[in-house]
There are 2 protein chains.
Amino acid sequence: MQQTRLDTARIRAARQVIDPIFLDTPLYRCEALEPGLGCAVSVKLETANPVRSFKARGTELVASQLAGHGPAAVVCASAGNLGQALAWSGRGRGLDVTVVASRFATVAKLDRIRALGARLELVDGDHELARERAAAIARHDGIRLVEDSLDIETCEGAATIGLELADAAPAFDAVLIALGGGALATGVGHVMKALAPAVEVICVQPLGAPAMTHSWRQRRVVTTDSTDTIADGVAGRRPVPAVLDDLLLVADDAVLVQEASITAAMRMLLHHAGLVVEPSAALGIAAVLEDRDRFAGRHVVTIVCGSNVDVDAYHRWVGAAPVHRP
Amino acid sequence: MQQTRLDTARIRAARQVIDPIFLDTPLYRCEALEPGLGCAVSVKLETANPVRSFKARGTELVASQLAGHGPAAVVCASAGNLGQALAWSGRGRGLDVTVVASRFATVAKLDRIRALGARLELVDGDHELARERAAAIARHDGIRLVEDSLDIETCEGAATIGLELADAAPAFDAVLIALGGGALATGVGHVMKALAPAVEVICVQPLGAPAMTHSWRQRRVVTTDSTDTIADGVAGRRPVPAVLDDLLLVADDAVLVQEASITAAMRMLLHHAGLVVEPSAALGIAAVLEDRDRFAGRHVVTIVCGSNVDVDAYHRWVGAAPVHRP
């Protein structure tokens with residue numbers, strides 16, 4: 001294939017830098033989901049770690065680079081998971097971490113960012129405004145800006161999931177990947193194309209935040225004016241050109257799913273897998289729900305990429321009304 | 001220490017027999033739980049596998065022994081998790097598996113046992129009646145009876161969790177273990193005493209099913225006439241003498257917790273760790289909730305041993321009312 005920005009040898013080397021607590025995550029068949037989906041389903045579970053998402057695979061690389069060279073500071077924009085992961089990785093290495101987020105972000109994510117000792121700045125707008133503000137802080141303070149999906153470390157970190165999946169191929173024949181900025185999709189997709197090319201790489205995005213999918217389909221950057229989805233982790237509006245270029249090389253398909261499918265998928269994962277997942281992590285199952293014929297009789301892996309939810313909202317999504325709080 | 005029935009070398013060897021999908025499970029610090037508990041807390045997560053509990057570590061050993069010697073059949077009594085695990089391990093090795101359970105058992109567990117192809121027989125009584133019936137079937141049919149906690153393989157399988165914990169010691173100084181029949185407690189306890197003797201081994205049982213704890217305290221088998229707990233996985237009434245003997249050698253303490261503490265612990269694990277757990281898996285956190293002073297400033301590991309719940313009951317326990325089903 002044509003060259004993406006990623007390099008398989010560098011991704012293998014990344015495993016040596018990332019705290020093992022984020023590596024070699026569970027990958028297992030979940031048969032209880034299968035009658036409702038009509039295909040074999042395996043789960044790659046990225047939530048059983050200190051930050052409850054895959055993002056620390058990438059922030060471990062960033063933080064390791066910055067550490068050991070005297071006092072260092074770093075800033076990122078985040079819907080919450082990248083910020084939490086950067087706060088965790090930075091804290092362990094004495095970095096000064098600033099996270100910029102939308103004030104509409106998931107409260108639980110913001111709380112965890114603060115609890116991990118990062119400086120949190122909220123903007124009165126969406127994730128794209130947070131990106132602008134983070135870039136301004138980096139310029140003003142002369143510190144490292146971590147740009148999710150653009151910075152190669154965020155893709156390489158995510159790509160280590162691909163190595164773990166490739167070890168399990170050819171047990172499965174398609175991998176379903178949440179598509180937002182594209183770090184997860186291009187990282188995992190690169191490794192699949194390099195090491196397990198028979199596996200179909202399918203990216204899944206909400207209909208309410210379709211910019212990258214539209215861009216992939218039209219082979220040029222397409223932006224949107226707004227987003228409207230509960231899947232906060234993938235709700236970008238302005239795809240990064242270099243990431244789109246990579247995605248065009250590694251994705252076999254990009255599909256859009258409805259909000260009702262996302263909540264139905266979250267409910268299935270709770271009822272039949274015992275998993276609390278955030279909306280972005282349910283996109284893969286949502287894609288199967290919307291196109292059972294496509295997947296009938298096949299074996300798919302879905303990457304459950306995060307579990308950071310506000311519990312009251314979660315209860316509404318999965319159809320249980322909270323009656324009191326702990 | 002005096003000799004238990006377990007042997008550390010045999011436990012190490014067991015790792016070679018057990019499907020790796022059940023081994024090397026996540027072990028991670030969960031700081032979001034800590035403000036509410038007043039101590040450092042790590043989770044050893046035994047739910048991210050095809051049977052959603054630790055029990056397959058033991059049934060893999062049993063099934064491996066039986067396989068390869070012509071047609072083989074096996075029967076066990078189970079509250080649900082052992083049966084599900086035996087069904088899974090037996091299916092992969094062509095064994096004929098029968099599970100005897102109480103008709104009051106968790107429906108989701110019974111459904112999974114059937115779905116895995118085992119024969120399920122329900123008795124009109126509690127787990128002790130199921131044990132009697134399973135023994136009768138084994139005698140009548142001349143087949144292998146798997147007795148949880150008595151059969152050394154069930155303890156050795158559970159003990160492999162101890163090896164994984166010992167690798168992480170001395171990061172923590174106490175391990176909290178759900179106590180039912182005693183396989184998990186004696187297995188993990190044995191390894192802790194052998195390899196990490198500074199770690200306090202604390203067993204936790206519901207006040208509503210206290211037979212083994214009373215037996216441990218009185219150093220003789222104490223039975224009860226009934227049980228009254230939502231923690232179905234540990235609701236035995238008749239401790240096995242040989243298991244009690246082992247428990248007396250490896251447990252530093254055995255504590256009883258109230259039902260309200262179990263549900264509060266389940267709620268905390270949902271809200272602050274994003275984990276759906278069955279009541280037995282919340283016993284460790286419940287013990288901390290009931291005795292914060294004891295654990296203040298310490299680092300505990302709690303083994304989250306299972307996540308098989310009926311979702312409607314789960315919603316009631318954690319304080320969310322189901323409004324509709326998937």
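Order of the sequence lines fixes the chain letters, A, B, ..., with proteins taken first and strands second; residue numbering starts at 1 for each chain.
A salt bridge between B:D232 and B:K109 is present, with a side-chain N of the basic residue lying under 4.0 Å from a carboxylate O of the acidic one. Salt bridge A:R15/A:D24: present, at least one basic N to carboxylate O contact under 4.0 Å.
Panel note: side chain A:T229, backbone A:P206; no donor-acceptor pair is recorded below 3.5 Å.
Using a 4.5 Å cut-off between heavy atoms, B:L27 contacts chain A through its backbone alone, with no side-chain atom that close. In this structure, chain B has no heavy atom under 4.5 Å from any part of A:A115. Only the backbone of B:A273 comes within contact range of chain A, with heavy atoms under 4.5 Å apart. With a 4.5 angstrom heavy-atom cutoff, B:A32 touches chain A via backbone and side-chain atoms both.
A donor atom on one side chain and an acceptor atom on the other are found under 3.5 Å apart for A:R52 and A:S307.
Considering only heavy-atom pairs separated by less than 4.5 Å from chain B, the leading option among A:T25, A:V276, A:V43, A:L275 is A:V276. Top candidate by heavy-atom pairs under 4.5 Å with chain B, chosen from A:P35, A:G274, A:P26, A:S42, is A:G274. For the set B:D111, B:T263, B:N49, the entry with the most heavy-atom pairs within less than 4.5 Å of chain A is B:N49.
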*Could you walk me through whether A:E60 and A:R93 pass salt bridge (Lys or Arg N to Asp or Glu O under 4.0 Å), step by step?*
CA-CA 10 Å; A:E60 285 287 284; A:R93 294 170 178 88; 2.9 Å; yes
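Contact annotation: the side chain of B:F22 approaches that of B:V51 to within less than 4.5 Å [non-hydrogen atoms, C-beta and beyond].
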